[in-house]
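Written out below as structure tokens is the structure these notes cover.
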There are 2 protein chains.
Amino acid sequence: MEYTKTMEASDVYKCIADTQRLRILNLLEAGSLCVCHLQELLEVPQVKMSKQLASMKQLGLIKASREGTWMIYSLVTSDSGLLLANIEYLRTAQCQECNQLKQDLLRHEKLIQRIAETNEDCPESVLPATCSIS
Amino acid sequence: MEYTKTMEASDVYKCIADTQRLRILNLLEAGSLCVCHLQELLEVPQVKMSKQLASMKQLGLIKASREGTWMIYSLVTSDSGLLLANIEYLRTAQCQECNQLKQDLLRHEKLIQRIAETNEDCPESVLPATCSIS
DNA sequence: ACAGTATATACGCCAAATGGAATATACAAA
DNA sequence: TTTGTATATTCCATTTGGCGTATATACTGT
């Protein structure tokens with residue numbers, strides 16, 4: 001049921017041709033996130049987010065893991081050279097969408113910070129690896 | 001009538017998400033070409049080629065100039081950093097489509113060679129700049 | 001003016017992608 | 001077992017994109 005076809009360049013391009021999906025991937029490159037936080041950051045309805053994540057997962061660009069009721073999504077870095085190269089390029093380029101990506105990263109940071117401060121309910125893998133060696 | 005909207009990254013991605021269009025751009029990066037030669041190289045019907053060229057022209061990725069009955073298409077290099085970066089990336093990468101691009105370049109070379117040898121009817125700007133200083 | 005070659009556009013059709021409402025599933029806690 | 005929260009899936013309507021046939025346009029040579 002869970003068949004993943006071999007990833008082609010055109011698949012990657014088709015994927016990031018959608019600004020919303022590109023923003024998701026840009027965020028995931030900065031750290032794993034659960035669906036509800038992605039929703040919050042991009043301000044999109046749950047259905048849409050869920051569907052977009054599902055399509056990218058099937059493509060093999062991202063993977064999901066469960067943590068309680070949360071689903072944590074993260075980038076699959078192997079075989080994603082093309083994607084990573086583009087994200088890197090866009091983060092330093094000049095265009096509408098590029099600015100959006102930078103803003104998203106800032107909002108992401110703020111979100112992480114807020115979670116840490118307010119101590120609100122949140123999956124652990126979303127938080128940055130706090131020094132694991134005490 | 002000829003309005004060109006400002007080019008966004010997603011426009012570029014949408015464009016190169018189509019293998020055929022990507023192949024065209026890859027070829028044009030190697031040198032200007034007229035419609036009939038592009039048709040010959042990619043083996044697609046005239047209508048299809050013409051439409052794809054039209055769409056990329058409207059996007060601002062390529063430009064056209066007339067030479068007799070021929071229309072010569074060439075890359076617009078300004079503002080195409082993202083495109084060029086991807087073409088360069090793909091030419092040195094490993095995937096189905098990447099191989100296709102390399103093959104196309106070889107066929108392009110052969111075409112140019114054949115034209116030079118057989119002296120067949122052909123727009124000048126398609127031929128490589130033969131040493132202009134005698 | 002006419003015929004020929006090269007290219008573009010219009011129109012109609014079908015496949016694929018998108019978006020939302022409703023519903024289903026998975027898990028946790030009481 | 002019930003309730004609540006998080007997420008996924010189904011169904012349906014709409015839009016978008018690609019493709020082919022036929023036709024139009026632009027130019028050249030006679």
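These numbers come from a predicted model, not from an experiment. Numbered from 1 within each chain, the chains take letters A, B, ... in sequence-line order.
When only modelled atom types and interatomic distance are considered, B/Tyr13 and A/Asp18 share no side-chain donor-acceptor pair under 3.5 Å. Under the 3.5 Å distance criterion, with hydrogens and angles disregarded, a donor-acceptor pair is assigned to the side chains of A/Glu97 and B/Ser10.
Between chain B and DNA chain D, the heavy-atom contact criterion of under 4.0 Å yields a 5' to 3' nucleotide range of D/dG18 to D/dT28.
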Can you list the steps and then say if A/Ser80 with A/Leu82 is a side-chain contact (heavy atoms from CB on, under 4.5 Å)?
CA-CA 5 Å; A/Ser80 299; A/Leu82 181 59; over 6 Å; no
Residues B/Glu120, B/Thr118; criterion side chain to side chain donor-acceptor pair (under 3.5 Å); working and verdict:
CA-CA 5 Å; B/Glu120 63 195 82; B/Thr118 62; 2.7 Å; yes
Output a table of donor-acceptor pairs, distance under 3.5 Å, between side-chain atoms of residues 46-56 of chain A and any protein atom two or more places apart or on a different chain; print 'none' if there are none.
{"unit_1": "A/Ser55", "atom_1": "OG", "unit_2": "A/Gln52", "atom_2": "O", "d": "2.8"}

With a 3.5 Å cut-off and sequence neighbours excluded, list the donor-acceptor pairs that the side chains of residues 104-111 of chain A form with protein atoms.
{"unit_1": "A/Asp104", "atom_1": "OD1", "unit_2": "A/Arg23", "atom_2": "NH2", "d": "3.0"}
{"unit_1": "A/Asp104", "atom_1": "OD2", "unit_2": "A/Arg23", "atom_2": "NE", "d": "2.7"}
{"unit_1": "A/Arg107", "atom_1": "NH1", "unit_2": "A/Leu41", "atom_2": "O", "d": "3.1"}

Distance-only check: which donor-acceptor pairs under 3.5 Å involve side-chain atoms of residues 67-74 of chain A, not counting sequence neighbours?
{"unit_1": "A/Glu67", "atom_1": "OE1", "unit_2": "A/Ser125", "atom_2": "OG", "d": "2.5"}
{"unit_1": "A/Glu67", "atom_1": "OE2", "unit_2": "A/Glu124", "atom_2": "N", "d": "2.6"}

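Interatomic distance, A/Arg21 CZ to A/Asn26 CG, rounded to the nearest 0.5 Å: 15.0 Å.
Ionic pairing of B/Glu29 and B/Arg91 is present here: one or more N-O contacts between side-chain nitrogen and carboxylate oxygen are shorter than 4.0 angstrom.
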Per-nucleotide protein contact string for nucleotides 25-30 of chain C (B base, S sugar-phosphate only, - none; heavy atom under 4.0 Å):
-SBS--
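In the region residues 17-42 of chain A, proximity to DNA chain D at under 4.0 angstrom, judged on heavy atoms, holds for A/Cys34, A/Val35, A/Cys36.
Both B/Val47 and A/Trp70 lie close to DNA chain D; mapped to their nearest nucleotides by heavy-atom distance, the more 5′-ward contact belongs to A/Trp70.
If you measure from atom NZ of A/Lys51 to atom C1' of C/dT23, you get 13 Å, rounded to the nearest angstrom.
Proximity of a side-chain donor or acceptor of A/Asp11 to a complementary backbone N or O of A/Met7 within less than 3.5 Å is not detected.
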